[in-house]
2 protein chains.
Amino acid sequence: MLSKKTRYAFRALSYLAENYGGGPVLISEISKEKKIPLKFLENILNELKKANLLESKKGKGGGYFLKLSPKKINLATVIRVINGPIALLPCVSLNFYEKCEDCDEEICGIRKVMTITRDVTLKILEKKTLYNIIHASV
Amino acid sequence: MLSKKTRYAFRALSYLAENYGGGPVLISEISKEKKIPLKFLENILNELKKANLLESKKGKGGGYFLKLSPKKINLATVIRVINGPIALLPCVSLNFYEKCEDCDEEICGIRKVMTITRDVTLKILEKKTLYNIIHASV
DNA sequence: TTGATATCCTACCATTTTAGTAGGGGAAAG
DNA sequence: CTTTCCCCTACTAAAATGGTAGGATATCAA
Ligand code: FES
Ligand code: FES
């Protein structure tokens with residue numbers, strides 16, 4: 001399951017997506033509007049910024065805004081930044097690969113199934129963007 | 001990601017699947033053969049038993065064995081027993097549903113995408129069985 | 001150039017989950 | 001009636017989760 005933090009990230013990004021092109025949005029506004037603890041949200045937005053999904057401006061008139069168009073930010077990217085691996089096993093992860101101890105990848109049947117699972121999951125999560133989730137006719 | 005415990009469960013079940021029909025298998029044998037800490041494995045097998053996937057016999061000649069044929073135990077079931085929900089969000093889970101606070105399910109775009117994701121994932125995990133993972137031509 | 005505004009950064013903290021360990025109780029076979 | 005083996009409760013260390021606190025730093029505007 002995705003962490004609460006990741007769900008917060010999606011909610012915040014939805015808000016920013018809705019305001020795309022409208023200048024910087026205050027953390028405090030997002031916090032209030034989307035009911036996300038302010039200091040926790042601060043942290044989340046900063047991580048998204050470091051991952052190059054957001055930009056920010058300090059001082060009066062400052063705030064956060066999307067660096068890319070909502071159509072160009074897919075859900076897989078967001079999950080990877082905030083939540084970590086999407087695959088169900090480390091030995092199957094594209095971005096966070098780790099070898100399984102005591103298990104031979106060549107013949108491992110569990111791994112094969114999890115690879116298929118990862119592929120179908122990614123096919124959706126990489127295709128769906130912030131634009132899709134704010135214009136939710138799926 | 002699946003917990004280490006879940007991976008242990010799969011390994012243990014694979015072993016039991018390979019020995020299906022051959023009488024009870026000792027915990028200590030599985031532990032040794034699959035390199036799983038014995039006392040931890042004890043715990044895992046017991047949970048699988050309570051979930052009606054395994055049966056056990058005490059005393060000499062005892063041990064654990066599959067209650068059903070390997071073709072009848074699918075991976076989704078095992079994951080649910082040991083790991084919990086398969087869906088990425090509680091509001092999308094079929095077996096562990098919980099409402100999301102501060103979010104309207106009717107219009108929530110995130111939920112819609114996660115529902116699709118859950119469906120394709122389940123389609124695989126419910127179809128693939130222990131039999132598939134021990135005869136791993138996928 | 002100074003003050004107000006807002007993000008940035010470091011560190012801390014409580015609670016829960018994970019990954020085990022320890023030790024004995026109790027059924028069954030022989 | 002003893003050995004074998006599962007069953008059960010309780011404990012624990014370490015990590016992850018879900019936050020808070022407080023100040024540093026950048027920017028704008030009077
Ligand atoms: S190689 Fe990763 S589970 Fe077997
Ligand atoms: S309803 Fe669950 S994320 Fe919106």
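What you see below is based on every heavy atom in this structure, not just the backbone, and it leaves out hydrogens, waters and symmetry mates. So that the names make sense, note that chain A is the first sequence line, chain B the second, and so on, each numbered from 1.
Listed by residue number, there are no residues of residues 14-25 of chain A with a heavy-atom contact under 4.0 Å to DNA chain D. Taken residue by residue, residues 32-54 of chain A places heavy atoms nearer than 4.0 Å to DNA chain C at A:Lys39, A:Glu42, A:Asn46, A:Lys49, A:Lys50.
Contact annotation: A:Ser28 does not reach the phosphate of C:dA6 (side-chain N/O to OP1 or OP2, under 4.0 Å). The side chain of B:Tyr8 places no N or O atom within less than 4.0 Å of a non-bridging phosphate oxygen (OP1 or OP2) of C:dA19.
The side chain of B:Lys4 lies closest to C:dG20, out of D:dC6, C:dG20, C:dT7.
When the C1' atom of D:dA16 is taken as reference, atom CG of A:Asn83 falls 12 Å away, rounded to whole Å. Distance, B:Lys5 NZ to C:dG20 P: 11 Å, rounded to whole Å. Distance, A:Phe65 CZ to C:dA6 C1': 13 Å, rounded to whole Å. Separating the CE atom of A:Met1 from the P atom of C:dT16 is a distance of 16 Å, rounded to the nearest angstrom. In this structure, B:Leu2 atom CG and C:dA19 atom P are separated by 11 Å, rounded to whole Å. Distance, B:Asp102 CG to D:dG18 C1': 15 Å, rounded to whole Å. Counting to the nearest Å, the C1' atom of D:dC5 and the NZ atom of B:Lys58 are 9 Å from each other. In this structure, B:Ile27 atom CD1 and D:dT4 atom P are separated by 16 Å, rounded to whole Å.
Residues A:Ser93 and A:Pro85 come closest through the heavy atom pair OG-CB, 4.1 Å. Shortest non-hydrogen contact noted between A:Ser14 and A:Ile134 is O-CG2, 3.7 Å. Between B:Leu16 and B:Ile30, the shortest heavy-atom distance links the atoms CD2-CD1, 3.9 Å.
Side-chain contact, A:Asn83 with A:Ser3: a donor N or O sits under 3.5 Å from an acceptor N or O.
Within 6.0 Å of CD on B:Glu18 lie more than 12 heavy atoms contributed by other residues, nucleotides or ligands.
Within the structure, the side-chain hydrogen bond (donor to acceptor under 3.5 Å, both in side chains) test picks out the following pairs touching residues 37-54 of chain A (sequence neighbours left out): A:Lys5-A:Glu47, A:Lys39-A:Glu42, A:Asn46-A:Tyr64, A:Lys49-A:Ser56, A:Asn52-A:Lys67.
With hydrophobic clusters built from ILVMFWY side chains whose heavy atoms lie under 4.5 angstrom apart, B:Phe40 shares a cluster with B:Ile79.
Using a 4.0 Å heavy-atom distance criterion, B:Lys60 is classed as a base contact.
Nearest-nucleotide positions on DNA chain D for B:Leu26 and A:Lys57 put B:Leu26 closer to the 5' end.
No cation-pi contact links A:Lys34 to A:Tyr15, judged by a cut-off of 6.0 Å to the six-membered ring centre and 45° from its axis.
In this structure, B:Glu126 pairs ionically with B:Arg80, as a charged nitrogen and a carboxylate oxygen lie closer than 4.0 Å.
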